[in-house]
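Below is one structure; the comments refer to it alone.
As the structure is a prediction and not an experimental result, all values here were calculated from the model. Numbers for residues simply follow the sequence, beginning at 1.
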Amino acid sequence: MSLTSIRIALQRRAWIPLVCTALATLAVGVLTIRSQPTYTATATVIAKNPENATDRPLSFPEVVTSNTVASHALQSAKVREPVDRFEASLSVVPGQSDIDQLAVKAADPDRATTLANAGADESTAYYQDLADGDTVSIQATIDKDRADLNSRYLEASQALLAFNQTNPQPAGGRGAVGDRARPAR
């Protein structure tokens, strides 16, 4: 085969890659136009690990993806959908501490938001039930600590006031630590 015969053969079949490229572009365009958009709604959940976990700590992502949470979330959101379909659209992104993100994908943004909120509510309630109520909200813990600090401060202030009343200081103020009465010679 000579070089000119190869060139002529390529020119005669140049339409094949052009038609394949055009068909692929057309197919991708049709699929893009016909596909439905998917919306993702996220809910952030603070799930404090129970302190009395002896065998194995309770895993919040495992609780979220359970069938019980999925069925309760669907019931509370009043959404008629199979549980396995909801579980397939649900994902949990565990955080570095006790903060997790629950994400739900759906074709309707309102539906995604409703299901994400219902999933977050039901999963935290179920998580607390499984932990036998040992998980306490952070705000409740802060309020308890603040009340404890206030009562300890009040007790310390009262004790200092009582001490100052029973042990008045001399008129010259406090004496130095090393000052002692010297015996007379």
Side-chain angles (χ1 to χ4, degrees), residues 17 19-157:
V19 168
C20 289
T21 303
L23 286 175
T25 304
L26 182 66
V28 168
V30 168
L31 288 175
T32 302
I33 291 172
R34 294 200 66 182
S35 67
Q36 294 180 351
T38 302
Y39 299 94
T40 303
T42 59
T44 303
V45 178
I46 298 174
K48 185 177 177 185
N49 283 330
E51 295 177 8
N52 69 348
T54 54
D55 298 342
R56 179 176 156 228
L58 192 58
S59 169
F60 185 74
E62 289 177 359
V63 171
V64 172
T65 56
S66 69
N67 285 344
T68 304
V69 169
S71 65
H72 286 251
L74 288 172
Q75 287 174 359
S76 69
K78 297 178 180 141
V79 174
R80 303 190 105 215
E81 179 176 305
V83 174
D84 56 345
R85 184 174 168 202
F86 174 61
E87 287 177 341
S89 68
L90 178 69
S91 64
V92 179
V93 180
Q96 293 178 350
S97 59
D98 294 334
I99 300 174
D100 298 313
Q101 282 193 341
L102 185 114
V104 177
K105 292 182 180 181
D108 180 27
D110 293 332
R111 184 182 187 104
T113 303
T114 302
L115 288 174
N117 289 335
D121 291 341
E122 293 299 325
S123 60
T124 53
Y126 191 55
Y127 185 72
Q128 288 178 352
D129 287 345
L130 290 177
D132 292 327
D134 283 342
T135 57
V136 180
S137 73
I138 290 175
Q139 186 63 40
T141 303
I142 290 172
D143 290 343
K144 180 181 171 278
D145 290 345
R146 183 178 291 141
D148 183 43
L149 178 67
N150 285 340
S151 68
R152 288 180 22 201
Y153 177 76
L154 181 63
E155 289 172 10
S157 297

* To do: Provide the closest heavy-atom pair for Thr21 versus Thr25 in the form atom of the first, atom of the second, distance.
  => O-OG1, 2.8 Å
* Taking every non-hydrogen atom, the tightest pair across Val64 and Leu90 -> O-CD2, 3.6 Å
* Salt bridge or not for Lys144 and Asp148, using N-O below 4.0 Å? -> no
* **Spatial distance of atom CG (Leu115) from atom CG (Asp110) [nearest 0.5 Å]** => 11.0 Å
* Please name the pair of heavy atoms, one in Thr42 and one in Ala103, separated by the smallest distance, quoted to 0.1 Å. => CG2-CB, 3.8 Å
* Structure fact -> Those residues at least two apart in sequence (or on a different chain) that pass side chain to side chain contact (heavy atoms under 4.5 Å, CB included) with Pro109 are Tyr39
* Any residue meeting side chain to side chain contact (heavy atoms under 4.5 Å, CB included) with Asn117, in chain and number order, not counting sequence neighbours -> Ala43, Thr113
* Work out which heavy atom in Ser123 is nearest to a heavy atom in Leu102; give both atom names and the distance. => OG-CD1, 4.5 Å
Per-pair distances, 0.1 Å, donor-acceptor, side chain in residues 76-89, under 3.5 Å, sequence neighbours excluded:
from: Ser76; atom 1: OG; to: His72; atom 2: O; distance (Å): 3.3
from: Ser76; atom 1: OG; to: Ala73; atom 2: O; distance (Å): 3.2
from: Glu81; atom 1: OE1; to: Arg111; atom 2: NE; distance (Å): 3.3
from: Glu81; atom 1: OE1; to: Arg111; atom 2: NH2; distance (Å): 2.7
from: Glu81; atom 1: OE2; to: Phe86; atom 2: N; distance (Å): 3.2
from: Glu87; atom 1: OE2; to: Asn67; atom 2: N; distance (Å): 3.4
from: Ser89; atom 1: OG; to: Phe86; atom 2: O; distance (Å): 2.9

